[in-house]
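Computed from heavy atoms alone, side chains included, the values below leave out hydrogens, waters and symmetry copies. In what follows, chains carry the letters A, B, and so on, assigned in the order in which the sequence lines appear, proteins first and then strands, with residues in each chain numbered from 1.
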Protein chains: 2
Amino acid sequence: MAKQNTVFKDAYNRCLKVLAETSSLPSEPELGQVLGVSRTTVRAILGRFEEAKLITWDKRKKIVLRQPQPEDYFPAEETDSLAEIIERSFMRRILAGGAEPGMQINELELAREIGTGTTSVREFLIRFSRFGLIEKRPNSHWILKGFTREFALELTEVREMFELRSAASFVALPDSHPAWQELSKIETLHREILADIDNRYKEFSELDERFHLLVHKSSSNRFIIDFYDIIAIVFHYHYQWNKTNARQRNARALEEHLAYIEALRSHDPKRAEEACRRHLRSARETLLQSIP
Amino acid sequence: MAKQNTVFKDAYNRCLKVLAETSSLPSEPELGQVLGVSRTTVRAILGRFEEAKLITWDKRKKIVLRQPQPEDYFPAEETDSLAEIIERSFMRRILAGGAEPGMQINELELAREIGTGTTSVREFLIRFSRFGLIEKRPNSHWILKGFTREFALELTEVREMFELRSAASFVALPDSHPAWQELSKIETLHREILADIDNRYKEFSELDERFHLLVHKSSSNRFIIDFYDIIAIVFHYHYQWNKTNARQRNARALEEHLAYIEALRSHDPKRAEEACRRHLRSARETLLQSIP
DNA sequence: AATCTGTCTATTGTGGATAAAAGACAAATA
DNA sequence: TATTTGTCTTTTATCCACAATAGACAGATT
């Protein structure tokens, strides 16, 4: 096969939710906007809705016939893009599985294991190489440099430089800047999660990313913002992998974030720097502890 | 065709130079070491040498019959790897040609223009995207962000952070560290070029890269070192493109480098920082002046 | 007049095929 | 015994084909 129609399936599932809340669907371009896909895909979805007797479709009239049932949805594993599948599969291997530094990475083997073509694996590895965990020997294999202590130290060194600089930009933002509103929303979420920490501590990971990304964005520097991708992916998989004391660690980090947010609000560069430093220091410790 | 044998051709040309200086060639593994290729390629070269009556080859005996002539070499354009060809071709388009920010980049068109398959172009674009000059819209085209003033400012902002940090590491290196020797060599070259600046100012570009890379390397941080790739490629093409006042600019930069080198030698962090800042400031000005 | 739909074309994403290059292993040689 | 060579296998780099998806344009509809 040439291409998995994951865009179609994912948009189809999301469109079912739109359908559930109305009695007739909007125009094709509008649906395309809402779902973030082209009209071609929208029309494919509408065609399938018609087949499934979810709607009648005659030009501009798209009348909802019935509510979608669970079995109308495509299974979740069919809506992941190939890139996501490869990434997950690869990260599991190198983070969880005993992958030692210096190990060779074989494109063909990886492709067979994941059940995909070599081209996709190759492209993934090229994209992934910017994270500094693998390295290519031209005309030959890739080498796994490994999620080592050095890696974590080098990563956090740059992270600290970038985030301190970003925090300094943040405090200088005018009050009218939308970042302050987003910061308020994030703060509220922090308080909500802290209030019910035992049940909701798992939501921290996502919130952490949202908060730090907001800070990095105020640097207005594409290299600083792009670098946050590396931090995000490392922490993302790190959270999934290392669950010891997760509740306690997350609670502490949430408190630190709140202090950091307050410091940003003060518009005082010194306070912001201090709060930022304090949080980054403990984030680094947490990361280092998870490495043998 | 599947693969251009550029590795073979390039190694063949280099091997001709080895051949010119001896009466019998060393063992296959040793040649492989010297040329940086596998034995398979070495054997292919030896086979071709035999056909061209450059040597006789019988097992361990590889006796040189005649000196290589200019026509024994493969033409230079056949020894460039596809990746190099694509890079050059692409950089010419976006730096020299009137490529406006926001322009769409079409993989197929690019491939046709360069005379190559789409896969190679795709892989190049993915690798290239980390330089922050292009951006991908999934399932759709790439967008050229352009070599703009903002780009240059963002690039130099990070460069300054990284190089200041690296320079601080450099002054702290123990005297026994090999970097000091390399620094001496670089200094000597600076003086040589300055002494004959009118004829040799074009050698600055390469030396500049060598010097700054040495400084960055002392950070021992892969992210800082990798980032230097971006600076290097930008300045590399920038030097090729913008030749106004090249002699004068290079002379000034050479002087700044010498002051910078002396400051590093002093082991005094303050002096090094100051010299580094001074040079980076003027490098930034030079870069900015070349942008409309 | 503005938007929408029908239809068609162009481009991307992905698997598969193949030559080039790397590399493994045993037999040969110094 | 340590290299080197001959032979064979494996892997990468690259092209190509084709389905999925995006996107363009003219005619239809409000």
Which nucleotide in [options] has an atom nearest any side-chain atom of [X]:
X	options	value
A:R122	D:dT3, D:dG6, D:dT12	D:dT12
B:L108	C:dG15, D:dT11, C:dT12	C:dT12
B:R60	C:dA30, D:dT14, C:dT5	C:dA30
A:L82	C:dA19, D:dA22, C:dG15	C:dG15
B:S120	C:dT7, D:dT14, C:dT12	D:dT14

Note: [X]-[Y] ion pair, threshold 4.0 Å (strictly below):
X	Y	answer
B:R130	B:D226	no
B:E150	A:R222	no
B:R93	B:E113	yes
B:E50	B:R48	no
A:E182	A:R210	yes

Original post:
Can you find a donor-acceptor pair, distance only, under 3.5 Å between A:K3 side chain and C:dT12 base?
Top reply: yes

Between the side-chain atoms of B:T118 and the base atoms of D:dC16, is any donor-acceptor pair under 3.5 Å?
no

Sorted by number, residues from residues 14-38 of chain B placing a heavy atom under 4.0 Å from DNA chain D are B:S27, B:E28, B:P29

Taking [atom1] from [X] and [atom2] from [N], how many angstroms apart are they, rounded to a whole number?
X	N	atom1	atom2	value
A:I45	D:dT21	CD1	P	9 Å
A:I143	D:dT12	CD1	P	12 Å
B:W142	D:dA22	CH2	P	17 Å
A:I85	C:dG15	CD1	P	10 Å
A:N139	C:dG23	CG	P	9 Å
A:Q4	C:dG15	CD	C1'	10 Å
B:Y12	C:dA21	OH	C1'	18 Å
A:L110	D:dT11	CG	C1'	13 Å

Compare side-chain N and O positions of [X] against OP1 and OP2 of [N] and report whether any pair is under 4.0 Å apart.
X	N	answer
B:K59	C:dT29	yes
B:K9	C:dA21	no
B:N106	C:dT11	yes
A:R43	C:dG6	yes

Aromatic rings [X] and [Y]: how do their planes relate, parallel, tilted or perpendicular, breaks at 30° and 60°?
X	Y	value
B:Y12	B:F74	perpendicular
A:F128	A:F131	perpendicular
B:Y228	B:H216	tilted

Between A:G115 and A:T40, whichever has its closest DNA chain C nucleotide further toward 5' is A:T40

Assert: residue with more 5' nearest nucleotide on DNA chain C, out of B:N5 and B:R39, is B:N5

The ring pair (Phe, Tyr, Trp, His ring centres under 6.0 Å) partners of A:F223 (sequence neighbours excluded) come to B:F151, B:F227

Under the 6.0 Å and 45° cation-pi test, does B:R88 pair with B:F124?
no

If each end axis of the helix from C:dA1-D:dT30 to C:dA30-D:dT1 is fitted on five C1' pair positions, the angle between them, to 10 degrees, is 40°

Between A:K61 and A:T41, the residue closer to the 5' end of DNA chain D by nearest nucleotide is A:T41

Per nearest nucleotide of DNA chain D, the residue lying toward the 5' end, A:T6 or A:S140, is A:S140

Requested in this report: For A:K62, report the nucleic acid contact type (base, sugar-phosphate, nothing); a contact means any heavy atom under 4.0 Å.
Outcome: sugar-phosphate

Margin query: Under 4.0 Å, counting only non-hydrogen atoms across every strand here, what does A:L125 touch: a base, just sugar-phosphate, or nothing?
Written below: nothing

Checklist entry - Given B:R66 and B:D72, is the salt bridge (Lys or Arg N to Asp or Glu O under 4.0 Å) satisfied, shown in steps? => result CA-CA 11 Å; B:R66 64 175 178 88; B:D72 288 315; 3.0 Å; yes

